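Note sheet for the following structure.
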Amino acid sequence: MTEQAEGPFLYVVVCAAGIAVDVSKLITAAQERDWEVGVIATPVAMNGFFDTAAVEAQAGRPIRSAWRSPGDPRPFPPPDAVVVAPATFNTINKWAAGLADTLAVATLCESYGLGVPVAVLPCVADALATHPAYQDSLIRLRGMGVRFGEPYSGEAGEDGRRPEFGWERALDLLGR
């Protein structure tokens, strides 16, 4: 049996980037817009990139990172939308290529076939963003209807400070 949501349900896919430490900001913004939230993290992101216990408490449900066993109930209702933030070079390229080797990437691949809107906030170093495979992946995903926010490299500006990561922008991209 699948859990039922009372309101619209948002999957938040979290990848292994340093900025993931602040993913609670996205969850707060989503909840303030009346989304129920379920978090799916890449296996590497689960290894200290964010406070998993705090995020589980905030979302009110366990974080998913691995597939469930056959016969186990689905722990989340079907998504009304998906946000990928931060989205890394690795995840974006695997997703565009259809390499569903983790629950996070498989969820993204499946979202296309389900017609679920997806918003992405890329967090990719400038040197990686120039790679031809990455550029091709962006073209393919945009062609699939994926909505992208401004790229974030995490590099400090001339003043030595890092720019803010626009967590709420992902929700704006969804039009809610």
Side-chain angles (χ1 to χ4, degrees), residues 8-52 54-55 58-59 63-65 76 79-97 102-112 116-131 133-157 161-176:
F9 201 86
L10 179 69
Y11 286 9
V12 172
V13 176
V14 182
C15 302
I19 197 70
V21 70
D22 291 328
V23 71
S24 62
K25 292 179 180 181
L26 173 58
I27 297 167
T28 297
Q31 290 170 332
E32 287 173 352
R33 295 185 190 193
D34 297 322
W35 287 99
E36 290 188 53
V37 177
V39 176
I40 300 171
T42 64
V44 177
M46 292 292 290
N47 292 323
F49 281 85
F50 64 101
D51 184 338
T52 56
V55 166
Q58 184 181 14
I63 296 167
R64 296 195 59 207
S65 185
F76 295 165
D80 294 292
V82 177
V83 166
V84 190
T88 59
F89 176 85
N90 192 45
T91 295
I92 289 170
N93 285 325
K94 289 195 308 183
W95 175 19
T102 66
L103 177 63
V105 179
T107 299
L108 297 174
C109 290
E110 185 178 50
S111 67
Y112 175 74
V116 175
V118 180
V120 180
L121 298 179
C123 183
V124 177
D126 290 340
L128 290 172
T130 64
H131 194 284
Y134 180 72
Q135 295 302 314
D136 290 346
S137 294
L138 294 178
I139 291 167
R140 173 172 272 180
L141 293 172
R142 284 186 178 114
M144 293 167 52
V146 175
R147 304 161 192 180
F148 282 88
E150 292 299 314
Y152 180 87
S153 69
E155 300 294 324
R161 297 176 51 193
R162 290 179 187 210
E164 285 289 316
F165 188 75
W167 294 102
E168 296 84 7
R169 179 70 180 125
L171 301 172
D172 296 339
L173 291 167
L174 294 173
R176 264 188 59 82

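For this chain, numbers begin at 1 and follow the sequence in order. Remember, predicted model here, so these are calculated numbers, not experimental data. For the numbers below, each heavy atom of this structure counts, side chains included, while hydrogens, waters and symmetry mates do not.
A heavy-atom distance below 4.5 Å is not found between the side chains of Thr42 and Ser65. In this structure the side chain of Arg140 never reaches within 4.5 angstrom of the side chain of Asn93, judged on heavy atoms. At a threshold of 4.5 Å between non-hydrogen side-chain atoms, the residues Val105 and Val13 do not count as touching. Counting heavy atoms from C-beta outward, Val120 and Leu141 have side chains that stay 4.5 Å or more apart. Side-chain contact between Val23 and Val39 is absent, with no heavy-atom pair separated by less than 4.5 Å. A 4.5 Å side-chain heavy-atom check between Lys25 and Glu164 finds at least one atom pair inside the cut-off.
The two residues Ser153 and Asp126 come nearest to each other via the heavy atoms CB-OD1, 3.3 Å. Closest of all the heavy-atom pairs between Val124 and Ala129 is CG1-N, 3.7 Å. In terms of heavy atoms, Phe148 sits closest to Ile92 at CE2-CD1, 4.5 Å. Closest approach of Cys15 to Ala45, counting heavy atoms only: C-CB, 3.6 Å. Scanning all heavy atoms of the two residues, the minimum distance from Val44 to Ala16 falls at CG1-CB, 3.5 Å. The two residues Val116 and Pro79 have their closest heavy-atom pair at CG2-O, 3.8 Å.
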Inset, instruction - Kindly determine whether Arg169 and Val83 satisfy side-chain contact (heavy atoms from CB on, under 4.5 Å), including the steps that lead there. - result: CA-CA 10 Å; Arg169 179 70 180 125; Val83 166; over 6 Å; no
Inset, instruction - Start with the C-alpha gap between Trp95 and Val146, add the side-chain angles, then the distance that decides, and say whether side-chain contact (heavy atoms from CB on, under 4.5 Å) holds. - result: CA-CA 11 Å; Trp95 175 19; Val146 175; 3.6 Å; yes
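Annotation for Arg147: atom CZ counts as buried by contact number, over 12 foreign heavy atoms lying within 6.0 Å. Counting heavy-atom neighbours within 6.0 Å of Gln135 CD, excluding the residue itself, gives a total above 12. Within a 6.0 Å radius of OH in Tyr134, other residues, nucleotides and ligands contribute more than 12 heavy atoms.
Atom CG of residue Leu121 and atom CD of residue Glu150 lie 10.0 Å apart, to the nearest 0.5 angstrom. To the nearest 0.5 Å, atoms CD1 (Ile40) and OG1 (Thr107) are separated by 4.0 Å. Atoms CG and CD1, on Leu10 and Ile27 in that order, are 9.5 Å from each other to the nearest 0.5 Å. Note that CH2 of Trp167 and CD1 of Ile19 are 6.0 Å apart. Values are rounded to the nearest 0.5 Å. The CZ atom of Phe165 sits 7.5 Å away from atom OH of Tyr152, with the distance rounded to the nearest 0.5 Å. Atoms OG1 and CE, on Thr102 and Met46 in that order, are 12.5 Å from each other to the nearest 0.5 Å.
Using bins of under 30°, 30° to 60° and over 60° for the plane-to-plane angle, the ring pair Phe9/Phe76 lands in the tilted bin.
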